[in-house]
Amino acid sequence: MPTSTPWLQPDSPTRYGSVSRCFHWGMALGFACMFAAALTRFFAKDSALYELLWPIHRPLGTLMLLLVVLRAAWSLLHARQRPAHTHQAARLGHLALYALMAAVPLVALLRQYGSGRGFAPWGIPLMDARTDDKIEWMTELGSLLHGPLGWVLLACVVGHVGMALWHRRPGHTDVLPRMLGQAEPR
Ligand code: HEM
Ligand code: HEM
């Protein structure tokens, strides 16, 4: 008799559950849009793609910060149920991704606040415009770190995807099925 798969799978030692997978793949899509916007700004500022993508960079980036906080809380709460890291390097790599996913939008928002300009992502008034002076250390820190850390995050993502594909070779632990919900729970 065929067994039906529950649509809401919890995290388990052999695969990530539905909520973890939604966070992972939903945010991967979000980061693809963020980096596409940044890359077109860098390489093709006159293009229609840039006109389309750049206006969403700041509101989507702000949403990504909220999502990474929720995702980190979820992963900490379910740390014991989730698949174990295959290597210490994988644990450190994932930690670095989390740190950068939070730091990159955080320094941008700090710069935004320091500039004194109002900011209402998705129409939600997050920061009121101020008439007093700019807060120099915030604008300077943001300008110094946002771009470089953003590119470091992109490099880490490329490395992360490369490692996930590398581990698909025979003789290695293929970790992709756990993020696709394919492995059976123990
Ligand atoms: C998930 C988060 C984010 C990522 C991965 C990201 C990534 C990047 C990257 C790679 C650049 C290009 C830097 C360069 O041209 O050298 C950039 C530029 C920029 N980002 Fe973001 N960003 C994020 C969130 C935000 C947020 C939340 C804001 C504002 C509230 C923001 C505002 C800007 C601005 C104004 C620029 C152009 C000025 C600059 O180069 O710093 N970003 N971003
Ligand atoms: C095509 C793109 C991607 C692929 C194929 C992929 C693949 C995977 C796989 C197979 C795992 C499980 C690894 C393990 O358990 O050892 C994983 C976990 C993870 N991935 Fe990705 N990934 C992609 C994009 C991204 C992006 C864009 C980010 C963040 C910027 C990211 C962040 C993470 C993190 C933090 C984990 C640890 C589990 C968690 O807490 O969600 N991944 N990824």
Side-chain angles (χ1 to χ4, degrees), residues 11 13-17 19-43 45 53-68 70-79 82-115 117 119-121 126-127 139-168 172-183:
D11 285 318
T14 55
R15 52 131 179 74
Y16 293 91
V19 175
S20 298
R21 296 199 308 268
C22 277
F23 272 130
H24 181 271
W25 295 114
M27 288 185 70
L29 189 65
F31 278 109
C33 295
M34 293 302 293
F35 286 119
L39 286 167
T40 50
R41 185 171 191 275
F42 203 76
F43 290 112
K45 225 173 169 179
L53 291 175
W54 188 250
I56 62 166
H57 185 86
R58 291 191 300 164
L60 182 60
T62 309
L63 176 64
M64 299 296 274
L65 179 60
L66 174 67
L67 289 177
V68 79
L70 296 175
R71 176 175 173 181
W74 179 266
S75 76
L76 285 175
L77 280 173
H78 298 87
R82 301 179 112 204
H85 290 100
T86 44
H87 300 97
Q88 189 63 10
R91 179 193 300 279
L92 292 177
H94 292 164
L95 267 177
L97 284 170
Y98 270 108
L100 287 165
M101 283 193 281
V104 172
L106 201 64
V107 290
L109 285 170
L110 207 62
R111 173 175 62 186
Q112 185 72 37
Y113 182 78
S115 75
R117 289 193 298 269
F119 182 46
L126 193 64
M127 296 172 194
T139 53
E140 277 168 17
L141 191 77
S143 297
L144 185 74
L145 293 180
H146 181 65
L149 286 184
W151 296 127
V152 171
L153 174 57
L154 178 59
C156 289
V157 168
V158 171
H160 169 71
V161 175
M163 288 315 285
L165 299 178
W166 175 261
H167 282 295
R168 305 212 76 196
H172 287 247
T173 310
D174 183 5
V175 286
L176 198 54
R178 2 163 122 169
M179 202 38 109
L180 296 173
Q182 287 169 351

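This is a predicted model, so every value here is computed, not measured. What's counted below: heavy atoms across the whole structure, side chains too, no hydrogens, waters or symmetry copies. When a ligand or atom number is given, it counts from 1 through the structure's own listing order.
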Going by the 4.0 angstrom heavy-atom rule, the piece of M101 near ligand 1 is neither
Check W54 against ligand 1 and report side chain, backbone, both or neither, counting heavy atoms closer than 4.0 Å.
-> side chain
Kindly report the NE2-atom 21 (Fe) of ligand 2-NE2 angle for H160 and H24 respectively, rounded to 10°.
-> 180°
Heavy-atom nearest neighbour of atom 32 (C) of ligand 2 within options M27, M179, H87, R71 = R71
So, do W74 and Y16 have ring centers that fall under 6.0 Å from each other?
-> no
Can you tell me the N, O or S atom of H57 that's nearest atom 21 (Fe) of ligand 1?
-> NE2
Atom 34 (C) of ligand 1: which protein heavy atom is closest, and how many Å away?
-> R111 NH2, 3.3 Å
Closest approach of any protein heavy atom to atom 26 (C) of ligand 1, naming residue and atom = A108 CB, 3.5 Å
Top protein contact for atom 37 (C) of ligand 2, by heavy-atom distance | H94 ND1, 3.4 Å
Of the protein's non-hydrogen atoms, which lies at the shortest distance from atom 9 (C) of ligand 1, and what is that distance?
-> A38 CB, 3.5 Å
Any idea which N/O/S atom from H146 gets closest to atom 21 (Fe) of ligand 1?
-> NE2
When only distance counts, is R58 in polar contact with ligand 1, meaning an N/O pair under 3.5 Å?
-> no
Are any of the N/O atoms in Q112 less than 3.5 Å from those in ligand 1?
-> no
Atom 39 (C) of ligand 2: nearest protein contact (heavy atom, Å) = Y98 OH, 3.5 Å
Identify the closest protein heavy atom to atom 14 (C) of ligand 2: which residue and atom is it, and at what distance?
-> R178 NH1, 3.4 Å
Taking distance alone, with no angle check, do W151 and ligand 1 share an N/O pair under 3.5 Å?
-> yes
Note the single closest protein heavy atom to atom 27 (C) of ligand 2, along with its residue, its atom name and the distance in Å.
-> V157 CG1, 3.7 Å
Check: of T173, L180, V161, min heavy-atom distance to atom 2 (C) of ligand 2 comes from V161
Identity and separation of the nearest protein heavy atom to atom 1 (C) of ligand 1 | F31 CE2, 3.5 Å
Please report which non-hydrogen protein atom sits nearest to atom 5 (C) of ligand 2, along with the residue it belongs to and the distance in Å to one decimal place.
-> W25 CH2, 3.7 Å
